[in-house]
Engineer: 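If you scroll down you'll find the structure; I have some questions about it.
So that the names make sense, note that chain A is the first sequence line, chain B the second, and so on, each numbered from 1. Not measured: the values here are computed from a predicted model.
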There are 2 protein chains.
Amino acid sequence: MKDEQIDALAKILKSMSHPIRLKILCLLQNRELSVGDIRNQVETTNANISQHLNILRAQGIIEFRKEANFIYNRITDRRILDMITKMQKLFCPDHKE
Amino acid sequence: MKDEQIDALAKILKSMSHPIRLKILCLLQNRELSVGDIRNQVETTNANISQHLNILRAQGIIEFRKEANFIYNRITDRRILDMITKMQKLFCPDHKE
DNA sequence: CAGGTATTAAATTAAATGCTAAAATAATTT
DNA sequence: AAATTATTTTAGCATTTAATTTAATACCTG
């Protein structure tokens, strides 16, 4: 594994390694959600969620579409979805899909 | 996935998400290595590597055994090894095992 | 257009992280 | 015991990150 690949992967892991961002990714596993939807399931402010979403967007992990005054977010990178699935199997063996 | 599981997993990801630590984990994938061995493959100081190893140890990701005045490190958690393998397949498709 | 809702942006503060150099341990050899 | 090798620890500094507050933007409805 080349150093550049390691650096790129480290960046991805870093962007996933905050509890709020990891939870957001789990919530987005099977569906798309607005900031408000996420806000209802994560104990923090809208502004804070917006910041975390920005980090995930900058990393290219999630994309969004605009509808009315809602913004719906979804995971675009299949590899990220695969990683989340794998991690759930490894670290939460009782997880139901 | 419960919040406590998410928090625990976020910690693991965080400890893996530094380029030097991720590289150390890749180097330790198939073998155990001393600090000096690692030092020869990572461009930094012994002290710095020692610090990163401490973070990985505190997280329970690696263990070590002492022999003479060398300390040999290895990955103890099979789930971490599985994750690294999976990530290599996903993000470095040309990777030879 | 006025008022309301959803989201983002910017600025501030506090806390965590990472690196370096130097000193401290520990085991080994001479 | 002194010198050497391998590793760890500590302290200081600079950088980065996270959360909060406040202000701004965008879109809808009446």
Side-chain angles (χ1 to χ4, degrees), chain A residues 3 6-28 31-76, chain B residues 3 6-28 31-76:
Chain A
D3 280 6
I6 288 178
D7 292 352
L9 183 49
K11 275 190 187 175
I12 293 171
L13 290 177
K14 189 171 181 182
S15 67
M16 297 175 71
S17 70
H18 186 285
I20 290 181
R21 291 198 292 273
L22 186 56
K23 182 158 187 181
I24 289 174
L25 291 174
C26 288
L27 292 171
L28 292 179
R31 58 199 154 175
E32 61 177 15
L33 295 173
S34 70
V35 176
D37 294 334
I38 295 170
R39 163 61 219 280
N40 288 330
Q41 310 212 42
V42 179
E43 199 70 30
T44 187
T45 61
N46 277 19
N48 191 15
I49 288 180
S50 183
Q51 285 182 41
H52 286 301
L53 284 172
N54 255 331
I55 291 172
L56 293 169
R57 285 170 192 152
Q59 188 53 237
I61 289 180
I62 66 177
E63 283 185 9
F64 61 93
R65 75 183 169 84
K66 206 161 185 175
E67 187 179 307
N69 44 359
F70 293 88
I71 288 181
Y72 292 99
N73 301 275
R74 69 182 190 288
I75 298 176
T76 47
Chain B
D3 279 6
I6 288 177
D7 291 352
L9 183 49
K11 276 190 188 176
I12 294 171
L13 290 177
K14 187 171 180 182
S15 67
M16 298 175 69
S17 70
H18 186 285
I20 290 181
R21 291 198 293 272
L22 186 56
K23 181 157 187 181
I24 290 174
L25 292 174
C26 288
L27 291 172
L28 292 178
R31 57 197 155 178
E32 61 177 14
L33 295 174
S34 70
V35 177
D37 294 335
I38 295 169
R39 163 63 219 278
N40 288 330
Q41 309 211 45
V42 179
E43 198 72 28
T44 186
T45 61
N46 275 18
N48 191 15
I49 288 180
S50 184
Q51 286 170 0
H52 285 301
L53 285 172
N54 255 332
I55 291 172
L56 294 169
R57 285 170 192 153
Q59 189 51 239
I61 289 181
I62 66 177
E63 285 185 7
F64 61 92
R65 75 184 169 84
K66 206 161 184 177
E67 187 178 308
N69 46 358
F70 293 87
I71 288 183
Y72 292 100
N73 301 274
R74 69 182 191 288
I75 299 177
T76 46

Engineer: Taking only the side-chain nitrogens and oxygens of B/His18, find out if one of them lies under 4.0 Å from OP1 or OP2 of D/dT17.
Structural biologist: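 No, B/His18 has no side-chain N/O under 4.0 Å of OP1/OP2 on D/dT17.
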Engineer: Side chain of B/Thr45 only, heavy atoms from C-beta on: which candidate in D/dT7, C/dA27, C/dT20 is closest?
Structural biologist: C/dT20
Engineer: Starting from C1' on D/dA6, measure out to CG on B/Asn54 and report it in whole angstrom.
Structural biologist: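 For the pair B/Asn54 CG and D/dA6 C1', the rounded distance is 15 Å.
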Engineer: If the cut-off is 4.0 Å, is A/Arg21 near the phosphate of D/dA18, judged by side-chain N/O to OP1 or OP2?
Structural biologist: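 Yes, A/Arg21 has a side-chain N/O under 4.0 Å of OP1/OP2 on D/dA18.
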Engineer: Is a donor-acceptor pair below 3.5 Å formed from side chain B/Gln51 to base C/dT17, judging by atom type as modelled?
Structural biologist: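 Side chain to base: no pair below 3.5 Å.
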Engineer: Which sits closer to the 5' end of DNA chain D, B/Gly36 or A/Ala47, going by the nucleotide each is nearest to?
Structural biologist: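 Counting from the 5' end, the first nearest nucleotide belongs to B/Gly36.
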Engineer: Just N and O in the side chain of B/Arg57: are any of them under 4.0 Å from OP1 or OP2 of D/dT8?
Structural biologist: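 It does, given that an N or O in the side chain of B/Arg57 lies less than 4.0 Å from OP1 or OP2 of D/dT8.
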Engineer: Spell out, as yes or no, whether a donor-acceptor pair under 3.5 Å connects the side chain of A/Arg21 to the backbone of A/Ser15.
Structural biologist: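 Flag set: sc A/Arg21 to bb A/Ser15 pair under 3.5 Å.
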Engineer: Determine whether a donor-acceptor pair (N or O, by modelled atom type, separation under 3.5 Å) exists between the side chain of B/Asp37 and the backbone of B/Ser34.
Structural biologist: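 Yes, the answer is positive, given that a donor and an acceptor are paired below the 3.5 Å cut-off.
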Engineer: Is there a side-chain contact between B/Ser34 and the phosphate of D/dT7, meaning an N or O under 4.0 Å from OP1 or OP2?
Structural biologist: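 Looking at the OP1 and OP2 atoms of D/dT7, one of them is under 4.0 Å from a side-chain N or O of B/Ser34.
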Engineer: Counting only side-chain nitrogens and oxygens, does B/Thr44 get under 4.0 Å of the OP1 or OP2 atom of C/dT20?
Structural biologist: yes
Engineer: Would you mind telling me which residue lines up with the more 5' stretch of DNA chain D, A/Ile55 or A/Glu67, judged by nearest nucleotide?
Structural biologist: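 In this pair, the answer is A/Ile55.
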Engineer: Here's a test of your reading of the structure: between B/Asn69 and A/Asn69, which maps to the more 5' nucleotide of DNA chain C?
Structural biologist: A/Asn69
Engineer: Do B/Ile62 and B/Leu25 touch side chain to side chain, with heavy atoms closer than 4.5 Å?
Structural biologist: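 Side-chain contact under 4.5 Å: yes.
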Engineer: What's the CD1-C1' distance between A/Ile38 and C/dA6, to the nearest Å?
Structural biologist: 13 Å
Engineer: Report yes if some heavy atom in the side chain of A/Gln59 is under 4.5 Å from a heavy atom in the side chain of A/Leu56; otherwise report no.
Structural biologist: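 Answer no - side chains too far apart.
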Engineer: Rounding to an integer number of Å, can you tell me how far B/Asn46 CG sits from C/dA21 P?
Structural biologist: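 B/Asn46 atom CG is separated from C/dA21 atom P by 13 Å.
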Engineer: Could you check how far CG of B/Leu53 sits from P of D/dT8, rounded to whole Å?
Structural biologist: 7 Å
Engineer: Out of D/dA26, D/dC28, D/dT7, which nucleotide sits closest to the side chain of A/Lys66?
Structural biologist: D/dA26
Engineer: Do B/Asn73 and B/Ile24 make a side-chain contact, defined as non-hydrogen atoms from C-beta onward lying under 4.5 Å apart?
Structural biologist: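 In short, these two side chains do not touch, never coming nearer than 4.5 Å.
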Engineer: Nearest-Å distance, CZ (B/Phe64) to C1' (C/dT25)?
Structural biologist: 13 Å
Engineer: Over how many whole Å does the gap from A/Glu32 atom CD to C/dA6 atom C1' extend?
Structural biologist: 16 Å
Engineer: Any side-chain N or O of B/His52 below 4.0 angstrom from OP1/OP2 of C/dC19?
Structural biologist: yes
Engineer: Does B/Lys14 have a side-chain nitrogen or oxygen under 4.0 Å from the phosphate oxygens OP1 or OP2 of C/dA16?
Structural biologist: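 For C/dA16, neither OP1 nor OP2 has a side-chain N or O of B/Lys14 closer than 4.0 Å.
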Engineer: Rounded to whole angstrom units, what separation is found between the CG atom of A/Asn48 and the P atom of C/dT13?
Structural biologist: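 Going from A/Asn48 (CG) to C/dT13 (P), I get 19 Å.
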Engineer: Whole angstroms only, please: what is the CD1-P distance between A/Ile20 and D/dT17?
Structural biologist: 16 Å
Engineer: Can you confirm whether A/Ile38 sits close enough to A/Leu53 that some side-chain heavy atom of one is under 4.5 Å from a side-chain heavy atom of the other?
Structural biologist: yes
